[in-house]
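A short worksheet on the structure shown next.
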Amino acid sequence: MTVAITGIKGFNDILPGEVEKWQRIEATARRVFENCGFSEIRVPIMEKTELFARSIGDATDIVEKEMYSFVDKGDNRVTLRPEGTAGVIRSFIEQKLHAQDPVAKLYYMGPMFRSERPQKGRYRQFHQIGAEVTGITNPRIDAQILVMLCRFFAELGITEPTLQINSLGCPECRPAYRAALKEYLEMRRESLCDDCRRRIDTNPLRALDCKVIGCGEATAEAPSVLQHLCSGCDEHFASVRRHLDATGTSYSVNHRMVRGLDYYTRTTFELVTGLLGSQSAVAAGGRYDGLIQELGGPKLPGIGFAMGVERVALLLSDEGLARRPDLFIAAHGEAAGDEAFRLMILLQGEGLRVELEYEGKSLKSQMRRADKLGARYTLVLGEDELVSRRGKLKEMASGEQQELPLEPAALARALSCS
RNA sequence: GCGAUCAUAGCUCAGUUGGUUAGAGCACAAGAUUGUGGAUCUUGGGGUCGCGGGUUCGAAUCCCGUUGGUCGCCCCA
């Protein structure tokens with residue numbers, strides 16, 4: 001016996017029954033984002049490795065150990081994208097979209113790849129829906145993005161995650177804060193966990209959201225970014241908050257919130273939930289005012305976010321999402337089978353979801369199948385019906401049955417008027 | 001990369017101190033009505049007990065290894 005080939009660890013199948021959730025999430029994102037003036041962009045899932053190294057940051061875990069990178073046949077170093085922003089910005093620059101209009105409002109959806117150990121809400125191939133805006137410095141766009149994100153969740157009926165915002169400052173003010181924090185942590189090195197001692201040098205901000213209780217106590221009085229913002233960043237953040245207040249958007253300020261990617265500046269945010277085990281962020285993003293230039297483009301600001309579709313799906317109840325046939329045609333006898341097939345094809349052309357039993361089975365078996373599929377109606381077609389040209393249409397929920405001419409128009413009418 | 005934990009039918013699980021052909025419920029299929037679903041009943045198909053090795057007269061059960069899943073750490077959407 002041949003051994004069945006399995007899928008790759010962390011690369012999952014999304015099966016019918018589950019996929020309906022995904023369709024709903026994607027459709028909702030398209031509708032909400034496009035209402036806000038965004039257009040879809042589709043970029044490759046593979047880019048030159050250099051793009052990610054430069055944008056995400058050489059020293060981040062993502063670039064250091066989580067990327068699927070390899071050398072292709074042309075000796076190019078390429079990488080399956082670990083996130084979406086880099087590719088979108090690369091395209092924005094390469095296609096010179098800024099020449100026509102420095103303001104681009106783009107959204108994307110698709111698979112991302114990170115070679116991490118899979119666990120709840122975290123897989124090696126995972127999916128993100130994200131949005132990016134270029135060319136706008138005004139904090140109103142920060143607020144627009146946040147309101148759009150909140151509205152997306154509201155429309156899906158997901159109320160659990162809460163919005164947290166923070167500001168990371170800019171190249172003007174962040175170095176000074178970083179130094180002050182480092183100095184503070186250095187003084188308390190003994191009370192920190194091993195991880196945090198390492199973080200003092202690698203990423204001091206990380207120590208602020210360490211889960212170890214001792215570290216939380218040790219950093220309770222640590223300097224806050226918000227108190228080290230330069231006047232420009234401070235005003236920007238205050239303005240974002242004012243606009244959120246004015247639009248009735250609820251949020252909380254979390255000055256200990258940290259971002260994993262190097263390119264973030266000023267406003268950062270997360271939608272967090274307690275329902276996903278150790279993965280608390282459902283969506284996250286922020287401003288990246290230096291990235292476009294860093295990647296060889298014009299000096300334009302940017303802001304964006306991404307959400308994890310698997311994580312959104314985990315928060316979404318799956319009731320009432322399965323698609324049901326409008327009609328099942330149960331045929332008795334070979335000639336009736338031919339007619340049933342012909343009718344099915346015609347009715348499908350009318351936009352109805354119609355099914356039948358392909359292998360000749362008993363009428364009882366066909367009725368069972370109609371029931372299992374959840375068909376709203378079943379058309380019973382046998383020799384008698386072929387002679388009279390009138391079929392028996394049964395409404396499955398009530399069991400009521402009526403006779404109808406075997407004409408697609410008559411059947412379509414009967415199905416749609418209920 | 002580190003740690004914990006689990007693995008018996010498609011799914012959820014039972015399987016006694018190691019003992020004969022490994023069971024149940026659900027699901028699936030056929031029938032009870034030779035032309036009518038759901039409820040009930042009957043019958044049926046389906047299992048390398050994750051894999052490999054060891055102990056033993058005998059292993060789903062005990063031991064070792066290994067693979068896979070899940071969860072946590074790290075990190076992240």
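Proteins come first, then strands; the chains are lettered A, B, ... in the order of their sequence lines, and each starts at number 1.
Checking side-chain atoms of A:Tyr184 against main-chain N and O of A:Ala179 turns up no donor-acceptor pair under 3.5 Å. Although no hydrogens or angles enter the test, the distance criterion places no donor-acceptor pair under 3.5 Å between the side chain of A:Tyr263 and the main chain of A:Leu261.
Note that A:Arg124 lies outside the cation-pi zone of A:Phe11, set by a 6.0 Å cut-off to the ring centre and a 45° limit from the axis.
Taking only distance into account, the side chain of A:Glu395 never meets the base of B:G37 through a donor-acceptor pair shorter than 3.5 Å. In the interface, the side chain of A:Lys394 is paired with the base of B:G37 through a donor and an acceptor atom under 3.5 Å apart. For a distance-only test at 3.5 Å, the side chain of A:Gln366 fails to qualify as a donor-acceptor partner of the base of B:U36. For A:Arg114 and B:C75, a side-chain-to-base donor-acceptor distance below 3.5 Å is absent, hydrogens and geometry of angles not being considered.
Summary of the strand contacts: A:Tyr123 and A:Val380 both lie near RNA chain B, and taking for each the nucleotide with the nearest heavy atom, the more 5' one is attributed to A:Val380. Positionally, the nearest nucleotide of RNA chain B for A:Leu276 lies more toward the 5' end than for the other of A:Leu276 and A:Phe126.
Taking atom CD of A:Glu400 as the reference point, atom P of B:U36 lies 19 Å away to the nearest angstrom. One atom, CG of A:Leu315, and another, P of B:A77, lie 16 Å apart when rounded to the nearest Å. Atoms CD1 (A:Ile129) and P (B:A77) sit 16 Å apart, rounded to a whole Å. Remark: C1' of B:C28 and CD of A:Glu357 are 14 Å apart, rounded to the nearest angstrom. Computed from coordinates, the A:Leu379 CG to B:G35 P distance equals 17 Å when rounded to whole Å. What separates NZ of A:Lys364 from P of B:C41 is a distance of 15 Å, to the nearest Å. At whole-Å resolution of the value, CG in A:Asp195 and C1' in B:C2 are 11 Å apart. What separates CD of A:Glu116 from C1' of B:C74 is a distance of 9 Å, to the nearest Å.
Annotation: the span from A:Leu315 atom CG to A:Glu310 atom CD amounts to 12.0 Å, rounded to 0.5 Å.
In this structure, A:Ala397 reaches the bases: a heavy-atom distance under 4.0 Å links it to at least one base atom across the strands shown. Within 4.0 Å (heavy atoms only), A:Glu385 reaches at least one base atom of the nucleic acid. Residue contacts shown for A:Lys372 are limited to sugar-phosphate atoms, with no base heavy atom under 4.0 Å away. Heavy atoms of A:Gln401 sit under 4.0 angstrom from at least one base atom. Within 4.0 Å (heavy atoms only), A:Leu261 reaches sugar-phosphate atoms of the nucleic acid but no base atom. Nucleic acid contact for A:Thr6: none, since no nucleic acid atom lies under 4.0 Å from a heavy atom of the residue. Residue A:Ala284 is in sugar-phosphate contact alone, with no base atom involved, counting any heavy-atom pair closer than 4.0 Å across all strands shown.
If you check B:A77 for Watson-Crick or wobble pairing at under 3.5 angstrom, you find it has no partner at all. Look at B:U36: it lacks any Watson-Crick or wobble partner with both distances under 3.5 angstrom. A 3.5 Å limit on both hydrogen-bonding distances identifies B:G23 as the Watson-Crick or G-U partner of B:C13. A 3.5 Å limit on both hydrogen-bonding distances identifies B:C2 as the Watson-Crick or G-U partner of B:G72. In a base pair of the Watson-Crick type (N1 to N3 plus N6-O4 or O6-N4) or a G-U wobble (N1-O2 and O6-N3), with each distance short of 3.5 Å, B:C41 is matched with B:G31. Across all strands shown, B:U56 forms no Watson-Crick or G-U wobble pair with both distances under 3.5 Å. Pairing of B:A7, defined by two Watson-Crick or G-U wobble distances under 3.5 Å, is identified with B:U67.
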Apply the test side chain to side chain donor-acceptor pair (under 3.5 Å) to residues A:Ser91 and A:Glu94: give CA-CA distance (whole Å), side-chain angles for both, the deciding distance (0.1 Å), then the verdict.
CA-CA 5 Å; A:Ser91 173; A:Glu94 183 174 357; over 6 Å; no
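Taking the six-membered ring for Trp, A:Tyr107 and A:Phe38 have ring centres at least 6.0 Å apart.
Relative orientation of the A:His127 and A:Trp22 rings is perpendicular, given thresholds of 30° and 60° on the angle between their planes.
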